[in-house]
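In what follows, chains carry the letters A, B, and so on, assigned in the order in which the sequence lines appear, proteins first and then strands, with residues in each chain numbered from 1.
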Amino acid sequence: MPEITDEIKVREEKLKKLRESGIEPYPYSYDIKENISAIVKKYKNKSEEELEKEKIEISTAGRIIAKRIMGGASFFHLTNGKDKLQLYLKKNIVGNENYKLFKSFDLGDFVGVEGKLFKTRTGELTVVVENFEFLSKCLLPLPEKWHGLQDKELRFRQRYLDLFINPGSREIFEKRFKMIREIRRFLDSRDYIEVETPMMQPIPGGAIARPFITHHNALNMDLYLRIAPELYLKRLLVGGFERVYEINRNFRNEGISSQHNPEFTMLEFYQAYSDFEDLIELTEELFQDLIDKGIAPEKIEFEGDEIKLTPPFKKLDFIEAIEKYSPLSKEEILDKEKLINHALKLAGEDNLTPTYGKALDYVFDEYVKENLVQPTFVMNHPEEISPLSKPHRKMPGRTERFELFMAKMELANGFSELNDPEIQLQRFKEQVKDREAGDEEAHLIDYDYIKALQYGMPPAAGEGIGIDRLTMIITGTRSIKEVILFPLLKPKEE
RNA sequence: GGCCCGUUAGCUCAGCUGGUAGAGCAUCUGACUCUUAAUCAGAGGGUCGCAGGUUCGAUCCCUGCACGGGUCACCA
């Protein structure tokens with residue numbers, strides 16, 4: 001509970017007075033004919049004369065966000081969270097008592113109003129209020145109107161305030177959810193169907209990450225919140241779904257940063273009879289589509305650079321990328337022992353599990369990632385870091401895999417799916433060795449998944465796209481907390 | 001987890017070498033019938049994040065803690 005300040009006392013007192021004068025401060029409904037955005041959109045370009053002639057009666061509702069009180073007539077602004085509409089209240093129209101009553105309403109209160117539209121001297125669309133009804137009380141004082149709510153901590157903890165006080169914040173989320181809607185439409189139009197797979201899994205698979213553990217009481221068993229839906233979506237390929245996708249949360253029990261939230265939203269999709277090249281093409285089509293639909297811009301600013309989001313994107317071989325941006329030669333990268341030693345020296349002995357996979361990851365992140373500003377597909381990853389990808393048809397030891405990077409972030413990861421159960425089992429076993437070598441994040445063997453593959457999975461390609469990061473890209477935002485409505489924060493003791 | 005920075009009125013922020021705090025908005029009272037960051041006159045509002053320490057005296061210096069931000073590490 002907030003500390004009771006004088007202002008809160010005043011507001012509570014006003015609430016009491018409303019009740020005493022027979023006004024229900026929390027009524028059930030109000031008949032709005034149009035919301036504020038609709039009214040503004042429809043009538044803001046009408047001239048003073050047109051409005052005068054047409055005598056447009058409106059009925060709408062919203063939250064009071066500004067008061068300019070004068071002797072016998074006052075102005076208010078009403079907002080629906082997105083747009084605002086000015087109200088003009090005149091003593092000799094609503095009557096003395098009502099005028100006094102309306103003046104006593106606080107910033108943040110909800111009211112419903114009826115009246116005619118007109119334009120003020122300065123040309124602002126305004127309602128002359130004829131009737132009004134109190135709709136809900138705001139008991140706590142609002143942030144300042146001019147600077148809005150600046151404190152990031154308060155913005156995230158009390159996102160509802162951020163959303164209706166700071167227009168930029170609302171715009172980010174509108175964009176996010178429009179983007180998701182368009183992605184669904186894009187995939188639906190390509191004969192995909194959207195599915196749901198378990199969030200609670202007995203064996204967490206499909207990615208390399210530490211899981212959250214939970215417990216089912218009735219079955220007395222531990223379960224893991226999923227780190228990825230991958231292995232379940234591929235079971236659906238076995239089951240005869242040829243094109244499936246899921247947009248949902250993944251959970252990873254790892255650090256929080258400007259690019260990581262413990263729960264984050266992932267799009268994963270799988271397409272039978274296709275390979276990784278097909279999905280690279282599809283990914284580029286998706287970006288083009290988002291640009292065509294006005295959801296993504298053609299370019300964004302990033303640390304003084306300009307990132308072009310229009311495909312085609314650059315392509316870079318994984319090993320050649322390391323060779324290009326690190327002091328290492330190709331031979332040194334491919335020599336497992338040399339690379340592990342190099343990575344260990346770079347990271348410090350205690351900070352890295354000494355496996356080839358970890359060393360590759362480390363070296364890539366260390367040397368390459370920071371150079372990937374423009375959209376770039378990194379391709380043909382080594383088998384050691386791609387346990388679920390199909391071996392490359394032309395490059396031994398490599399897989400048919402790609403990752404899309406931009407703005408120094410990984411945005412997407414896709415590959416031709418490994419559907420040979422024997423090789424898959426072999427890869428899982430190698431992961432177990434990594435786990436024994438100290439890599440806590442290596443995959444566990446999912447025998448049930450192997451069994452599914454033994455029934456036969458069609459050739460297929462699959463991809464995951466980080467929705468939060470994609471939102472960051474299209475809105476030019478640098479922190480993942482800005483694109484997640486309620487990012488995880490530690491509770492604050494009151 | 002390491003390092004750096006922040007935490008002062010409801011909100012946005014000042015606060016000098018250490019002498020127990022200010023502004024704007026918001027709130028309250030009064031004036032004002034086209035204002036729009038309305039204006040004008042007045043008023044109230046603070047455990048200076050929390051706990052210790054140094055000092056005659058701490059918002060200020062020191063230590064610890066909490067929360068947040070940045071960065072590095074972990075991590076796709």
Side-chain angles (χ1 to χ4, degrees), chain A residues 2-11 13-14 48 65-77 84 86-94 99 104 106-108 118-126 128 138-158 161 165-166 207-210 227-228 250 252-262 264 266 346-348 350-353 358 361-362 364-366 369 372 378 381 385-386 403-405 408-413 440-441 464-466 468-469 478-479 481 487 489-494:
Chain A
E3 219 174 308
I4 305 299
T5 63
D6 288 352
E7 189 174 348
I8 293 173
K9 272 186 207 144
V10 167
R11 283 172 181 245
E13 199 52 40
K14 285 178 179 174
E48 210 176 320
I65 45 155
K67 296 167 63 169
R68 288 181 291 282
I69 290 173
M70 295 174 294
S74 300
F75 290 90
F76 300 83
H77 269 121
K84 56 182 187 174
Q86 186 169 247
L87 306 181
Y88 184 43
L89 229 85
K90 275 179 109 165
K91 197 190 259 181
N92 55 12
I93 291 180
V94 295
Y99 185 67
S104 76
D106 288 308
L107 294 184
F118 78 107
K119 280 214 166 155
T120 61
R121 229 180 255 159
T122 49
E124 178 166 351
L125 186 69
T126 303
V128 193
C138 173
L139 288 170
L140 302 178
L142 299 183
E144 192 217 1
K145 58 186 167 185
W146 192 241
H147 299 91
L149 186 61
Q150 295 298 320
D151 187 315
K152 278 189 205 274
E153 191 174 344
L154 289 183
R155 287 185 46 235
F156 300 147
R157 285 189 199 281
Q158 296 179 269
L161 287 180
I165 297 281
N166 300 329
I208 295 173
R210 250 179 259 203
I227 54 176
N250 289 344
R252 298 188 184 175
N253 204 342
E254 280 153 7
I256 294 173
S257 79
S258 60
Q259 289 172 34
H260 300 86
N261 195 59
F264 63 101
M266 184 87 124
L346 213 58
D350 301 332
N351 300 323
L352 195 74
T353 313
K358 280 280 164 192
D361 267 338
Y362 187 82
F364 183 86
D365 280 355
E366 200 65 15
K369 202 157 133 190
L372 301 178
V378 174
H381 300 59
I385 53 171
S386 315
E403 290 180 297
L404 176 60
F405 284 86
K408 306 180 184 178
M409 273 194 302
E410 187 205 343
L411 211 70
N413 178 22
E440 287 178 52
E441 284 144 4
I465 298 180
D468 312 283
R469 290 181 180 179
R478 297 298 307 282
S479 162
K481 288 193 173 77
L489 298 179
K490 275 200 183 180
K492 194 151 194 170
E493 45 194 316
E494 296 269 354

* To do: Please determine, for the side chain of A:Y88, which listed nucleotide (B:G69, B:U33, B:C25) has the closest atom?
  =>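 Nucleotide nearest to A:Y88's side chain: B:U33.
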* Taking only the side-chain heavy atoms of A:K490 (C-beta and beyond), determine which of B:U33, B:G68, B:U12 contains the nearest atom. =>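 That would be B:G68.
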Of all residues at least two apart in sequence or in a different chain, which pass the salt bridge (charged side-chain N to carboxylate O under 4.0 Å, His left out) check with [X]?
{"X": "A:R478", "value": "A:E303"}
{"X": "A:K14", "value": "A:D106"}
{"X": "A:K369", "value": "none"}
{"X": "A:R155", "value": "A:D162, A:E482"}

* **By side-chain contact (heavy atoms from CB on, under 4.5 Å) - contacts of A:S74 (at least two apart)** =>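 A:S74: side-chain contact (heavy atoms from CB on, under 4.5 Å) contacts with A:I69, A:F76, A:Y99, A:K103.
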* **Residue list, side-chain contact (heavy atoms from CB on, under 4.5 Å) with A:Q86, at least two apart or on another chain** =>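 Testing A:Q86 for side-chain contact (heavy atoms from CB on, under 4.5 Å), a comparison that skips the adjacent residues, returns A:R68, A:F75, A:H77, A:T120, A:E124, A:T126.
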Expected rows: protein N/O vs nucleotides 28-31 of chain B N/O, under 3.5 Å:
| unit_1 | atom_1 | unit_2 | atom_2 | d |
| --- | --- | --- | --- | --- |
| B:C28 | OP1 | A:K14 | NZ | 2.6 |

* By ring pair (Phe, Tyr, Trp, His ring centres under 6.0 Å) - contacts of A:F156 (at least two apart) ->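 With sequence neighbours excluded, A:F156 shows a ring pair (Phe, Tyr, Trp, His ring centres under 6.0 Å) to no residue whatsoever.
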* Counterpart residues, ring pair (Phe, Tyr, Trp, His ring centres under 6.0 Å), relative to A:Y362 (two or more places apart) ->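 With sequence neighbours excluded, A:Y362 shows a ring pair (Phe, Tyr, Trp, His ring centres under 6.0 Å) to no residue whatsoever.
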* Asked: Reading nucleotides 43-50 of chain B 5' to 3', which nucleotides get B (base under 4.0 Å from a protein heavy atom), which S (sugar-phosphate only), which -?
  -> -SS-----
* Tell me, what's RNA chain B's dot-bracket, Watson-Crick or G-U with both distances under 3.5 Å, | for other-strand, [ ] crossing? -> (((((((..((((.....[..)))).(((((.......))))).....(((((..]....))))))))))))....
* **Distance-only donor-acceptor test, A:Q86 side-chain atoms vs B:U35 base atoms, 3.5 Å** =>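 Such a pair exists between side chain and base.
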Restricting to nitrogen or oxygen on both sides, can you table the protein-nucleotides 72-75 of chain B pairs closer than 3.5 Å?
| unit_1 | atom_1 | unit_2 | atom_2 | d |
| --- | --- | --- | --- | --- |
| B:C75 | OP1 | A:K358 | NZ | 2.9 |
| B:C75 | O3' | A:E254 | OE2 | 3.3 |
| B:C75 | O2' | A:E254 | OE1 | 2.2 |
| B:C75 | O2 | A:H260 | NE2 | 2.4 |

* Answer with yes or no whether the side chains of A:Q150 and A:H147 bring together a donor and an acceptor at under 3.5 Å. =>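 The answer is no; no qualifying pair exists.
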